[in-house]
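See below for the structure under consideration.
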2 protein chains.
Amino acid sequence: MPATNTARRAGVCCTALTKTPLSQKDAERTAVLLAAMADPVRLRLLSIVASEGEVCSCNLERPLGKSQPTISHHTRVLAEAGLIVGERRGKWMWWRIVPESLENIRRLLGGR
Amino acid sequence: MPATNTARRAGVCCTALTKTPLSQKDAERTAVLLAAMADPVRLRLLSIVASEGEVCSCNLERPLGKSQPTISHHTRVLAEAGLIVGERRGKWMWWRIVPESLENIRRLLGGR
DNA sequence: CGCGTGAATCGACAGAGGTCAATGTATCTG
DNA sequence: CAGATACATTGACCTCTGTCGATTCACGCG
């Protein structure tokens, strides 16, 4: 059974793509990371979690206008990409973002 | 319930997604932009163009290992997303990146 | 003009991905 | 224990997308 909140990241970091051509491997890992963000629902989910600090899954269905399985699907994708982490507290699942992951993407895009 | 904030179109980009929840509109536009980068072939294409400065379409087929229609498809996607611009010189099409687009994404991800 | 070359478009195919109803699993409460 | 609640998983459906062969378009050169 696959663990739900594996903090495995799809690519620690590589050199900025503007400096030197990406290898096949790096491109694939980076594409997975970017694909995790390339969805309007997940972007809004991320922004809600980021601005609230910590959000329960049950508090995401209404603002996002999606069913419970769909929310669960998106949190899973984001968690597997290392963009958010979940913590179980009783019946509830609390999510918060992983700031380093966004930092890595920024660096890849040529940031500092 | 957090009210959907007004979609203010301040220039090309929007506020960092870590600050305040994204509007539906902003999320969709950003998702299109990120989806354009969320592909290994396009990431490598971007990195080649960025590091070379200027690349002809015919010089992309071999390093990327894709057919001519496929290359044309990817350059089209990247160009429509505003990540690269093409200039026709005779029979050849020359591509270069648009640095501001990457800058916008970085800012969206929380970069200053 | 015709010919050759580079690029865009079309058509078809296979694979990936978003969505939800139904179901399963874990946790709390009475 | 039974019941309720929150989340995960399954299965199915449909759309989107990457890919390439074939074709068409655009440009330069004799």
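Naming convention: chains lettered A, B, ... in sequence-line order (proteins, then strands); numbering from 1 in each chain. Here the structure is a predicted model, which means the values were calculated and not measured.
Within residues 42-69 of chain B, the residues that place at least one heavy atom under 4.0 Å from DNA chain C are, in residue-number order, C56(B), S57(B), C58(B), Q68(B), P69(B). For residues 70-79 of chain B, proximity to DNA chain D is found at T70(B), H73(B), H74(B), defined as any non-hydrogen atom under 4.0 angstrom from a strand atom.
One can place CH2 of W94(B) at 16 Å from C1' of dC27(D), the figure rounded to the nearest angstrom. When rounded to the nearest whole Å, the span between CE of M37(B) and C1' of dG18(D) equals 18 Å. If you measure from atom CH2 of W92(B) to atom P of dG28(D), you get 9 Å, rounded to the nearest angstrom. Between the P atom of dA6(D) and the CD atom of E87(A) lies a distance of 18 Å, rounded to the nearest Å. Between the CE atom of M93(A) and the C1' atom of dC28(C) there is a distance of 17 Å, given to the nearest Å. Computed from coordinates, the K91(A) NZ to dG30(C) C1' distance equals 12 Å when rounded to whole Å. Going from atom CZ of R88(B) over to atom C1' of dT5(C) covers 11 Å, rounded to whole Å.
Linking Ile, Leu, Val, Met, Phe, Trp and Tyr whenever their side-chain heavy atoms come within less than 4.5 Å leaves V49(A) and V77(A) in two separate clusters.
Side-chain contact check for T75(A) and S72(A): no donor-acceptor pair (N or O, by modelled atom type) lies under 3.5 Å.
The residue among R89(A) and V41(A) whose nearest nucleotide of DNA chain C is located toward the 5' end is V41(A).
Of the charged side-chain nitrogens involved, at least one lies within less than 4.0 Å of a carboxylate oxygen, so that E54(B) and R89(B) count as a salt-bridged pair. Between E52(B) and R96(B) no salt bridge is recorded (no basic side-chain N to carboxylate O distance below 4.0 Å).
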Next on the checklist: Run the side-chain hydrogen bond (donor to acceptor under 3.5 Å, both in side chains) test on S57(A) and W95(A) for me, step by step, so that the C-alpha distance in whole Å, both residues' side-chain angles and the decisive distance to 0.1 Å come before the verdict.
Outcome noted: CA-CA 7 Å; S57(A) 287; W95(A) 300 97; 2.8 Å; yes

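Judged by distance alone, with hydrogens and angles left aside, the side-chain atoms of R44(B) form no donor-acceptor pair with the main-chain N or O of A27(A) at under 3.5 Å. Looking only at distances, no side-chain donor or acceptor of T70(A) sits under 3.5 Å from a matching main-chain atom of K66(A). Between the side chain of T18(A) and the main chain of A50(B), no donor-acceptor pair closer than 3.5 Å is present. Using modelled atom types, one side-chain atom of R42(A) and one backbone atom of A35(A) make a donor-acceptor pair closer than 3.5 Å.
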